[in-house]
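Step one of this worksheet: look at the structure below.
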Amino acid sequence: MKTPTPPQNQPYNFNTTEPVTMQQTSSKLPNMPQELSITSTTTTTTTTTVTNTKKLTLIPLIFLIYFEVAGGPYGEEPAVQAAGPLLTIIGFLVFPFIWSIPEALVTAELSTAYPGNGGFVIWAERAFGPFWGSLMGTWKFLSSVINIAAFPVLCIDYMKQIIPAIESGLPRYLALLCSTLGLSFLNYTGLTIVGYTSVVLAVVSLLPFIFMCLIALPKIKPHRWLSLEHKDVKKDWNLFFNTLFWNLNFWDNVSTFAGEVDQPQKTLPRALFITVIFTCLAYVFPLLAVIGALSVEPSEWGAGFMAQAAELIAGKWLKIFLEVGAMLAAIGPFEAQLSSSAFQLLGMADIGSLPQFFGLRSKWFNTPWVGILLSTSISLGVSYMNFTDIISSANFLYSLSMLLEFASFVWLRRKFPRLKRPFRVPMRLPLLVVMCLIPCGFLVVIMAIATKKVYLVSGIMTVAGIGWYYLMKLCKSRKWFQFNTGVEVVVEENDHERVAGHLLQIDTF
């Protein structure tokens, strides 16, 4: 399927199957704001043709975003244990307005204004320069690949209920290796296949919760939702807020493969809007059903309690069904986050933050095989470690990156107020600042309650990211690797139109 050539009033996107002739332009209008759009073509000649590839459509994109963020209600139980049923219900009803909706709105506006691979890295680079784009890439990439490592481990933990031999020792290591490599190969086959696989995984993993909610209906006593009889519950605010945060973040990950989406200016905002509603309902309904149908102490709500609740509500069969669903649900986030990490590296190669070979694609599936290989290798190494503190550090790095992302959003709106934005958050700058300050305040709270070890590990990773930027700068100056340079679309704006010219030049570094 060919991708249509963008109309003149849209950002140029070189992820196209049409040959593109590169011309140098210098027709800049004086005293006009200028902006750089995204390109992702690597060439040393005057024309280039990109391999024909299928694009992501609305339905698979919705479920890819869903698995970027959630993957099912399996991880919400610790919130009840930490703060009790009422506060947990309120938390999952209110927190989307504090965090999920602002992050999704930012993602929708900037992904449609810059519909290329790389996402948040490009936003930071356009707002504050290449140093901050590179640091954003380091923070996001490390937090994502470390999170990826958790999902094969979760799969093995559920599988050991059926196959006890893989509980420990060499069989466990081999199971982790085989599952990680198998899931990575699925990712290698392309985003379209991963997207439709996500649809199937979501349906199968959510079915037991649908059955549980329906069977629980006659047993629900609404007063249990509002009951304050558990006054002796010792509040663990660190666990409570981190549980909410972990279950409702990563909305912006979809931006790293915006260039692979069919008609991203229309498809991305729709997909984000639908997924926000779908994800919140998928968390709240099972929570209301179990709390309303069962009278149990908050201390019982440990990780995996939903499976026990399914047995109490409907019997052993539903518990087994839910456990199988949990195992399959762990595959979805692995695939979605591995895709976003791999395409992030490809996007950084497109804008010259990384050497060109990071942007290499498979001849068969057009997927960024170097990014997939590197992300898989790092996550595989981490999966054999006790990485509780490392994951906490990854969340800390993610918080730093989100502070930079919100700042980039506000600054780009101020810097380029008339930049063509196919989706635009319907607020003026002062209200946008308020909208961003609320989740930023929450991020500061999350970072303030971190442990000393988290501060240390996060500091080391950040220093390593700064060192990586200057190492890449040295590689460019010494011409040790090939980098894309001068890859830009100059956009000049006025109140009525955008005059666009494009310039593509690849230097050998």
Side-chain angles (χ1 to χ4, degrees), residues 54-77 92 96 100 103-104 107 144 147-148 150-152 154-155 157-159 179 182-184 186-187 189-214 246-254 256-257 260-262 267-290 304 306-307 309-310 318-341:
K54 293 182 178 180
K55 293 284 188 176
L56 271 173
T57 53
L58 180 63
I59 298 301
L61 182 60
I62 287 172
F63 287 96
L64 266 176
I65 298 173
Y66 173 67
F67 279 119
E68 292 277 12
V69 176
Y74 300 96
E76 63 184 346
E77 302 101 326
F92 276 99
S100 299
E103 187 182 7
T107 301
S144 184
N147 271 330
I148 290 171
F151 300 116
L154 184 59
C155 277
D157 286 341
Y158 278 104
M159 287 175 62
S179 61
L183 294 175
S184 297
L186 175 61
N187 201 272
T189 60
L191 271 178
T192 302
I193 293 176
V194 171
Y196 282 107
T197 301
S198 298
V199 176
V200 175
L201 291 173
V203 171
V204 175
S205 63
L206 287 175
L207 268 178
F209 289 100
I210 294 174
F211 289 145
M212 184 169 66
C213 290
L214 293 175
W246 186 78
N247 279 283
L248 289 165
N249 63 7
F250 288 109
W251 293 97
D252 57 340
N253 273 10
V254 66
T256 61
F257 47 81
E260 311 302 306
V261 176
D262 184 40
T267 306
L268 274 167
R270 290 176 184 173
L272 284 162
F273 176 75
I274 294 171
T275 312
V276 167
I277 297 173
F278 173 61
T279 301
C280 294
L281 294 179
Y283 277 126
V284 171
F285 280 149
L287 196 63
L288 291 174
V290 174
M306 282 293 182
L318 188 57
K319 178 185 179 183
I320 296 173
F321 190 5
L322 194 143
E323 287 175 341
V324 172
M327 184 178 67
L328 295 176
I331 297 173
F334 180 95
E335 298 295 344
Q337 293 189 23
L338 179 58
S339 295
S340 64
S341 298

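We're numbering straight along the sequence, starting at 1.
By the 4.5 Å heavy-atom criterion applied to side chains, Leu206 and Pro73 are counted as neighbours. For the pair Glu76/Pro286, a side-chain contact is recorded, criterion being any heavy-atom separation below 4.5 Å from C-beta on. Residues Leu288 and Phe92 form no side-chain contact, since every pair of their non-hydrogen atoms from C-beta on lies 4.5 Å or further apart.
Aromatic ring centres of Phe250 and Phe67 lie farther apart than the 6.0 Å criterion allows.
Applying the side-chain contact (heavy atoms from CB on, under 4.5 Å) rule to Glu77 yields the partners Trp301, Phe305, Met306; only residues at least two apart in sequence or on another chain are considered. In terms of the side-chain contact (heavy atoms from CB on, under 4.5 Å) criterion, residue partners of Thr57 (sequence neighbours excluded) are, by chain and number, Pro60, Tyr196, Asp262. Shown here are the side-chain contact (heavy atoms from CB on, under 4.5 Å) partners of Ser100, two or more places apart in sequence or in another chain: Pro96, Leu248, Trp251. The side chain to side chain donor-acceptor pair (under 3.5 Å) test applied to Tyr66 returns no partner, not counting sequence neighbours. Take Val199 and apply the side-chain contact (heavy atoms from CB on, under 4.5 Å) test, not counting sequence neighbours, and it matches Ile59, Phe63. In this structure Ser144 satisfies the side chain to side chain donor-acceptor pair (under 3.5 Å) test together with Ser341, sequence neighbours excluded. Residues satisfying the side chain to side chain donor-acceptor pair (under 3.5 Å) test with Thr197, not counting sequence neighbours, are none. Looking at residues two or more places apart in sequence or on another chain, you find a side chain to side chain donor-acceptor pair (under 3.5 Å) between Ser184 and Thr376.
Taking OG of Ser198 as the start and CD1 of Ile65 as the end, the distance is 11.0 Å to the nearest 0.5 Å. The distance from atom CD of Glu68 to atom OG1 of Thr107, rounded to the nearest 0.5 Å, is 10.5 Å.
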Determine all donor-acceptor pairs shorter than 3.5 Å in which one atom belongs to a side chain in residues 270-279; sequence neighbours excluded.
residue	atom	partner	partner atom	Å
Thr275	OG1	Ile62	O	3.4
Thr275	OG1	Ala271	O	2.5
Thr279	OG1	Thr275	O	2.7

Please report, to 0.1 Å, the donor-acceptor pairs under 3.5 Å made by any side chain of residues 327-338, with sequence neighbours excluded.
residue	atom	partner	partner atom	Å
Glu335	OE1	Asn187	N	3.4
Glu335	OE1	Asn187	ND2	3.2

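Among all heavy-atom pairs drawn from Met212 and Ala309, the shortest one is SD-C, 4.3 Å. Considering every non-hydrogen atom in both Leu191 and Leu56, the closest pair reads O-CD2, 3.6 Å. Between Ala307 and Glu323, the shortest heavy-atom distance links the atoms CB-CG, 4.1 Å. Contact detail for Asp252 and Glu103: the closest heavy-atom pair is OD1-OE2, 3.0 Å.
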How far apart are the C-alpha atoms of Phe257 and Leu61, what are their side-chain angles, what is the distance that settles it, and do they pass the side-chain contact (heavy atoms from CB on, under 4.5 Å) test?
-> CA-CA 10 Å; Phe257 47 81; Leu61 182 60; 4.1 Å; yes
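Evaluated for a ring-ring contact (aromatic ring centres under 6.0 Å, His included) with Phe209, the options Phe321, Phe285, Tyr74 yield exactly one hit, Tyr74.
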